[in-house]
Amino acid sequence: MLRRNAFAVVVTTLVIAGCAPVPSSGGPAPDLLDATPASVAEILATSDLPVVLNVWASWCSPCRSEAPLLRAAAGEWQGRVRFVAVAVRDERGAALAFIDEFGLEGLEHLFDRTGAVPSALGGGSGVPQTHFFAPGGDRVAVHFGVIDERTLALQVDDLLRRRG
Amino acid sequence: MEFSLLAAAALAVAAAWAGLRLEARLRPEIPHRRLWDVIVPSVVVGLVLGRLAAMLTGGLNPIAHPADILVIRAGVHTGAASTAALITALVAARRHLLPTLDGVAPAALAGLAFWHAGCLLRRACLGTATGLPWGMALPGSPVARHPVELYAALLIAVGAAALLFRRRRPSAPGVVAGIALAWASAARLVTEPIRPGIGAGPVWWYASATLIGVAAAALAASRRRSVPQP
């Protein structure tokens with residue numbers, strides 16, 4: 001009886017939740033510049049701010065899970081940390097639709113059809129992965145898989161404190 | 001697959017189980033037979049609804065992306081999860097509500113304490129920066145930090161031990177559960193300022209739960225006193 005009640009609660013909640021509108025920023029579509037390992041290395045080397053570089057793909061289910069967190073983080077540390085998102089092994093249209101769906105216009109977006117950028121960073125081919133760079137391009141940490149709020153906040157705080 | 005998360009969860013379940021066994025041995029008058037029937041659905045419903053709440057507040061439609069419900073690491077809405085778990089426990093234990101909740105509470109605190117201590121397995125103990133000598137640093141980082149999850153684990157473990165090994169005099173039904181709720185919430189409330197996160201964090205949820213726990217314990221104690229003794 002109890003299990004049936006619990007199941008009914010979960011199913012009802014799912015149905016109600018599924019009817020809820022999904023928020024979208026409604027902002028302008030971002031530029032989706034082509035990226036190569038060299039262009040990304042230049043961005044990192046010339047950045048005066050710490051950089052959080054997230055590698056994702058629209059077909060990657062865990063990437064969908066962490067997208068809201070990245071949107072919130074980019075808003076929270078706007079002007080103090082650069083959030084760069086690299087879409088890999090994806091279709092340009094699908095990547096743009098993903099960005100629009102999750103309101104990720106606050107991040108800087110790059111497009112890497114071959115997946116060469118994460119390989120050059122030593123991250124292999126898995127997605128998602130999140131790299132943390134100090135100003136000047138020194139990588140101080142990397143996280144493979146879905147990142148949680150605590151880990152992201154901790155690593156960003158560490159980047160900012162290293163910077164002094 | 002996040003095996004470290006599963007290991008921490010297994011540690012918490014083991015601690016809750018041990019707490020229940022100890023409680024059953026110390027207080028045979030409490031009906032322990034069906035306590036697991038309260039704990040298990042409460043935890044499951046709490047996790048699922050907490051995850052759904054996190055998805056919705058993050059703009060992720062759970063119907064369109066059902067697989068994402070299982071990616072717990074991506075976030076669980078603490079307040080929604082706690083509320084859902086508590087309501088489920090109230091429904092599950094409705095026939096012997098207060099004695100059942102009193103029986104579950106110390107074990108739940110023990111499980112919660114070991115869930116926080118599981119940060120050692122997940123390498124996720126650290127909070128804000130500190131100059132205190134016991135500060136711990138991220139690998140390769142010069143910045144020492146509070147081991148905030150261990151603080152929370154210790155605080156909650158003290159509460160669990162106090163409730164488990166309390167004197168054998170009978171307390172009013174509901175007092176133990178109220179104290180446990182207040183203690184666990186207060187432990188999270190006092191550690192929240194040194195817990196890194198995005199935005200303000202669920203401080204209001206913890207403050208509300210602390211007040212509700214104190215009020216529930218006080219109400220239960222006062223009702224007991226108002227009943228004329230034979």
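Excluded from the calculations below are hydrogen atoms, water molecules and symmetry mates; all remaining heavy atoms, backbone and side chain alike, are included.
The shortest non-hydrogen separation linking T57(B) to R71(A) is O-NH2, 4.3 Å. Between R162(A) and G140(B), the closest heavy-atom pair is NH2-O, 3.2 Å. In terms of heavy atoms, G127(B) sits closest to L154(A) at O-CD1, 3.5 Å.
With a 4.5 Å cut-off on side-chain heavy atoms, H65(B) and S61(A) do not count as touching.
With a 4.5 angstrom heavy-atom cutoff, R145(B) touches chain A only via side-chain atoms. Contact annotation for T151(A): only side-chain heavy atoms (C-beta onward) come within less than 4.5 Å of a heavy atom of chain B. Of the two parts of R51(B), only the side chain, counted from C-beta on, holds a non-hydrogen atom closer than 4.5 Å to a non-hydrogen atom of chain A. Only the side chain of L138(B) has a heavy atom closer than 4.5 Å to any heavy atom of chain A.
A distance of 5.0 Å separates CD1 in I198(B) from CD in E149(A), rounded to the nearest 0.5 Å. Note that the CG atom of L126(B) and the CD atom of Q155(A) stand 9.5 Å from one another [nearest 0.5 Å].
Atom CH2 of W204(B) is surrounded by 12 or fewer heavy atoms from other residues, nucleotides or ligands within 6.0 Å. Environment of CZ in R92(A): crowded, with over 12 heavy atoms of neighbouring residues, nucleotides or ligands closer than 6.0 Å. Counting heavy atoms of neighbouring residues, nucleotides and ligands inside a 6.0 Å radius, atom CZ of F133(A) exceeds 12 of them.
Applying the ring pair (Phe, Tyr, Trp, His ring centres under 6.0 Å) rule to F98(A) yields the partners W56(A), F102(A); only residues at least two apart in sequence or on another chain are considered.
Using modelled atom types and a 3.5 Å distance limit, the side chains of T128(B) and D157(A) yield no donor-acceptor pair.
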Q: Starting from the C-alpha separation in whole Å, work towards a yes-or-no answer on salt bridge (Lys or Arg N to Asp or Glu O under 4.0 Å) for E149(B) and R150(A).
A: CA-CA 11 Å; E149(B) 294 299 333; R150(A) 180 75 52 80; 2.6 Å; yes
